[in-house]
S.K.: 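This is the structure I have questions about; it appears just below.
Letters A, B, ... mirror the listed sequences (proteins, then strands); counts begin at 1.
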Amino acid sequence: MTKILAVRDLHLAMRTGEKLVPVLRGINLNLPQGEVHGLVGESGAGKTMLGRVILDILPPNAVVTAGHVDCATTGSQIKSGGRIFSNRGRSGISLIPQDPMTSLNPVKKIGKQMVEILQLAHTGPPRALQERAEALLAEVRIKKPKEVLKQYPHHLSGGMRQRVLIAMAFSSEPGIIIADEPTTALDVSVQRRVLRLIRDLQKERNTTILFITHDLGVVAKLCDKVSLMHSGMILEQGLVSEVFHSPSHPYTRSLLNAIPRYDQPREKLAPVAEDLQSQLIDEARKYDQQRQV
Amino acid sequence: MISNGKSEVILAKRLGVALPNTAAKQWFQPTPMVPILRDIDLRAHKGQCLGIVGESGSGKTTLGRALVRLLQPTSGELLFEGRDITCLDEAALRPIRNRLQMIFQEPRAALNPRRRIDDAVSQPLLTYAKTTNNNEAREQARELLRQVGLDPALGKRYPRELSGGQLQRACIARAISIRPSLIVADEIVSGLDMSSQAQVLNLLDELRQQLGLCVIFISHDLSVVRSICDEVIVLLDGRQVESGPVSRMFSRPQRRYTRSLIQAVPLPEPDSDWLEDIIDENEIGNRVKAMNIEGTTALVTGTSRGIGRELVHALIKRGAKKVYATARSLTDIEDLEKSYPGVVETLPLDITDDTATLETAEQCQDVELLINNAGVNRMSGLLAAEGIDGARLEMETNYFGTLRMCRAFAPVLKNNSGGCIVNMLSVLSHVALPLMGSLCASKAATLRLTEGVRAELEASNTLVIAVMPGAVDTDMSRDFPPPKMPAAEVAKAVLNGIVEGQEELFPGEMASGLREGLKADPKSVEKELAGYLPG
């Protein structure tokens, strides 16, 4: 299988005043074409930051300190000190954002917003783009695409808005998609349908997806491989079937135990233990010291 | 829900809430009201945790807000600690406000970004004059923060400096600061990651036990509800779909909707098929009342042969917990009990006998699904018959028998929070065949009976289905010319209809074709049928 995305020993830091605070510590990630890769961790683990490096939409104070990201679909390389883009440009990669409420422009109609996105990757008369937008909405199983194009975001439910964002993400036929918690804001039944939609579109187009989430349940149902992150490091990486059946890292086991389950009799939930948390943070600190030496 | 004598902290009887639809307001007209909640019954005791679950837009939050009287109910009764608070105004509510608290989904939005945490937590103490001294209030706030597992030093920080999990704990501290007896927790963990979620849930559970709090826990995630609630009510479109103890709800949900909610929770076990079996909700007729057959207890009449017998087989195949099979003579159905020991219980029952039907209802208190299948056909014309005894027998069995059963079992179903009644009719309910005019009359009467029962049970959450097959391959229609539908196919269609919440079923091509024909051109259908069975 061809490699679509390769992250090599990536280090990222945030500049706060004079100091550089490490955020990502030696990330390695390989995504072949057509793989759905789950990226799991608690809040603050650095999942979203990793997604933003790959998308090249880092905040201004973030610095790649070592390593590089190679993305075949955009022909780009992102490394310390700058980035190289080929003429294929950014249309080879897109993002499905988390919050469907804030990711759409509230004062523009859905149709207008979609055409704006389509113009980036396609040329053609406005009417053709409008028709393309309609077809895309039908593809994400929105019932009356013509009417939805004329509506504003606040007319749509959360699930519908997320479908619109998915349609936009797939509109440029990207080879890779970063999905950053796309279903966290949805209720369980809508989540299930949106996940199904993402999976179907992915299968049809053989798209590579990096699926960022804190929900191990979603990863178990959707992804082929999984990486578990804590304090900017990947602690465990492997096939979903293997990691869930025989987790090797104590943190993975601990996260799996923290999930409430409806199929088991009620018992006290076990959050990740404080000492394990602090032990992992200590390890991250030690890693930083060793690198400086 | 059972009252078991303890005094309830909160009790709602047939609670309804309507909200103004400002978008549809016209000049000089009163604002139209949209019903959001209908006929909600719930009760919760001291120290109990009651879950409210449902999809987005089902009315969970509206119910939560009505319970703490942030909204005014428009119908029904709401009792808090035995006192009617349905219509109290703001001034009358003030003395009890401190005992009704709500925790919101977004802690960042619930806390003032410009106030330090300890100020936010101590504010209720000052407002409700638990103390008048600022320093003392802050001291108490620090103690409260410790109680919810936060470092008291965090009290000096602003909300933006804390994580979501920490903020939600601060909100809990603020809610318990004035010793409430009822806390409504509205999706308090949906914004948190797994580990913080477990911490916050454990904290809420400990506080509930320590302080004897009554907690109403609103969530769309049934796994979370399972881990902390004792009882749960399920909402859909502002109606109560079902309610009961959490363990029962999860082991055998009565409604298909509850089951689909449970199945929508992704368990952390690799399974790519999980995304495959999603049902299109548009195929569901009545989503609120659609049943789940797995684990249900059913009673089927007329099981000695034909459709009745096939229904028993089909119910067991679909995972029914128990089936009461009845027939006039026990010897005809003995073999059913033998082939499904422990699952099928056979009972002798003559549905033309008043006392017998009532006794059977008394005996079968756990029935959730009643299938009225027994019926007779004398194959006689209205005028050609020798007397009216045949017609009377058909009416007595087909119409009055069904009515007796409905009357006897309606209270049983009500006790089991709704359930379903299926009346086996025939397309003949819609037409008159010359050779069996009296049967057609009895079936037509039973169709109206079914519609009447459905209307009476509208609010009680019972699904009432009329099944109208065409010619079926049974003894009853042995004189019909083919094509005839196999009885097993009819049974299958009935069970599908129950699961899909369809109120009228026309199984088979003949029945559905006839129905279309009746819609398009009733006269020609009647003409055609008159020649269908030549005298």
S.K.: Can Arg196(A) be said to sit on top of Trp274(B)'s aromatic six-ring, NZ or CZ under 6.0 Å from centre and within 45° of the ring axis?
M.R.: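 Not flagged: Arg196(A) not positioned over aromatic ring of Trp274(B).
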S.K.: Determine which pairs satisfy side-chain hydrogen bond (donor to acceptor under 3.5 Å, both in side chains) with at least one residue from residues 152-162 of chain A, sequence neighbours left out, and list them in order.
M.R.: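 Output for this query is empty, none listed.
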S.K.: Using a cut-off of under 4.5 Å on heavy-atom pairs, state which of Gly57(B), Ser272(B), Pro266(B) scores highest against chain A.
M.R.: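 Top count of heavy-atom pairs under 4.5 Å with chain A: Pro266(B).
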S.K.: Would you indicate whether the side-chain heavy atoms of Asn202(B) and Pro271(A) approach each other to under 4.5 Å?
M.R.: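 Pro271(A) reaches Asn202(B) side chain to side chain.
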S.K.: Check side-chain hydrogen bond (donor to acceptor under 3.5 Å, both in side chains) between Ser227(B) and all other residues, then give those that pass, not counting sequence neighbours.
M.R.: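 Counting only residues at least two positions away or on another chain, Ser227(B) forms no side-chain hydrogen bond (donor to acceptor under 3.5 Å, both in side chains).
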S.K.: Rounded to the nearest 0.5 Å, how far apart are CD of Glu55(B) and CG of Asp187(A)?
M.R.: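 The CD atom of Glu55(B) sits 6.0 Å away from the CG atom of Asp187(A).
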S.K.: Looking at CG of Asp263(A) and CG of Leu267(B), how far apart are the two atoms once the value is rounded to the nearest 0.5 Å?
M.R.: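 Asp263(A) CG to Leu267(B) CG: 4.5 Å, rounded to 0.5 Å.
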S.K.: If I measure from the heavy atoms of chain A, does Leu201(B) come under 4.5 Å with its side chain, its backbone, both, or neither?
M.R.: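 When you check distances to chain A, only side chain atoms of Leu201(B) fall under 4.5 Å.
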S.K.: Heavy-atom pairs under 4.5 Å with chain A: which of Gln263(B), Glu187(B), Glu269(B), Gln197(B) has the most?
M.R.: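 The option with the most such pairs is Glu269(B).
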S.K.: Nearest 0.5 Å, please: how far is CD in Glu42(A) from CG in Leu192(B)?
M.R.: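 So the gap between those two atoms works out to 11.0 Å.
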S.K.: Non-hydrogen atoms of chain B under 4.5 Å away: do they reach the side chain of Arg261(A), the backbone, both or neither?
M.R.: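 Interface part for Arg261(A): both.
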S.K.: Do other residues, nucleotides or ligands put more than 12 heavy atoms under 6.0 Å from the CZ atom of Arg248(B)?
M.R.: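 Atom CZ in Arg248(B) is crowded, with more than 12 foreign heavy atoms closer than 6.0 Å.
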S.K.: Please classify the contact between Glu206(B) and chain A as side chain, backbone, both or neither, with a heavy-atom cut-off of under 4.5 Å.
M.R.: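 The side chain, not the backbone.
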S.K.: State, yes or no, whether a side-chain contact exists between Ser195(B) and Gln277(A) at a heavy-atom distance under 4.5 Å.
M.R.: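 Of all side-chain heavy-atom pairs linking Gln277(A) with Ser195(B), at least one is under 4.5 Å.
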S.K.: Measure Glu274(A) against the heavy atoms of chain B and call it side chain, backbone, both or neither at under 4.5 Å.
M.R.: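 The side chain, not the backbone.
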S.K.: Tell me, side chain or backbone of Asp273(B) under 4.5 Å from chain A's heavy atoms, or both, or neither?
M.R.: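 The answer is neither part of Asp273(B).
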S.K.: Does NZ in Lys144(A) sit with more than 12 non-hydrogen atoms of other residues, nucleotides or ligands closer than 6.0 Å?
M.R.: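 Counting neighbours around NZ of Lys144(A), 12 or fewer heavy atoms of other residues, nucleotides or ligands fall under 6.0 Å, so no.
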S.K.: Give me the contact list for residues 213-226 of chain A versus chain B, heavy atoms only, anything under 4.5 Å, ordered by residue number.
M.R.: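 The list, in residue order, reads His214(A), Asp215(A), Leu216(A), Gly217(A), Val218(A), Ala220(A), Lys221(A), Leu222(A).
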S.K.: For Tyr262(A) and Ser223(B), work out which heavy atoms get closest and say how close.
M.R.: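 The answer is N-OG, 3.3 Å.
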S.K.: Step through the shown structure and confirm whether more than 12 heavy atoms of other residues, nucleotides or ligands are within 6.0 Å of CZ on Arg15(A).
M.R.: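 No, the 6.0 Å shell around CZ holds no more than 12 heavy atoms from other groups.
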S.K.: Which atoms of Ser163(B) come close to chain A, meaning under 4.5 Å heavy atom to heavy atom: side chain ones, backbone ones, both, or neither?
M.R.: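 For Ser163(B), no heavy atom lies under 4.5 Å from chain A.
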S.K.: Distance from Leu261(B) atom CG to Arg192(A) atom CZ, nearest 0.5 Å?
M.R.: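 Here the rounded value is 10.5 Å.
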S.K.: Taking all non-hydrogen atoms of both residues into account, name the closest pair between Ser241(A) and Pro270(B) and its distance.
M.R.: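 Nearest heavy atoms, Ser241(A) then Pro270(B): CA-CG, 3.9 Å.
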S.K.: Output all residues satisfying side-chain hydrogen bond (donor to acceptor under 3.5 Å, both in side chains) with Arg157(B), sequence neighbours left out; order by chain, then residue number.
M.R.: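 Scan of Arg157(B) (side-chain hydrogen bond (donor to acceptor under 3.5 Å, both in side chains), adjacent residues dropped) gives none.
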S.K.: Do the side chain of Asp193(B) and the main chain of Ser43(A) share a donor and acceptor less than 3.5 angstrom apart?
M.R.: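 Pair found, side chain donor or acceptor close to backbone of Ser43(A).
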S.K.: Within this structure, what is the CG-CG distance for the pair Leu269(A) and Leu203(B), rounded to the nearest 0.5 Å?
M.R.: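 Spacing of CG (Leu269(A)) from CG (Leu203(B)) equals 12.0 Å.
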S.K.: Does the side-chain contact (heavy atoms from CB on, under 4.5 Å) test come out yes or no for Gln191(A) and His220(B), once each step is laid out?
M.R.: CA-CA 11 Å; Gln191(A) 161 171 288; His220(B) 66 255; over 6 Å; no
S.K.: With rounding to the nearest 0.5 angstrom, report the OG to CG distance, Ser56(B) to Leu186(A).
M.R.: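 Going from OG on Ser56(B) over to CG on Leu186(A), the span is 7.5 Å.
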S.K.: What heavy-atom pair brings Ala198(B) and Ala270(A) nearest, and what distance separates the two atoms?
M.R.: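 In terms of heavy atoms, the two residues are closest at CB-C, 4.4 Å.
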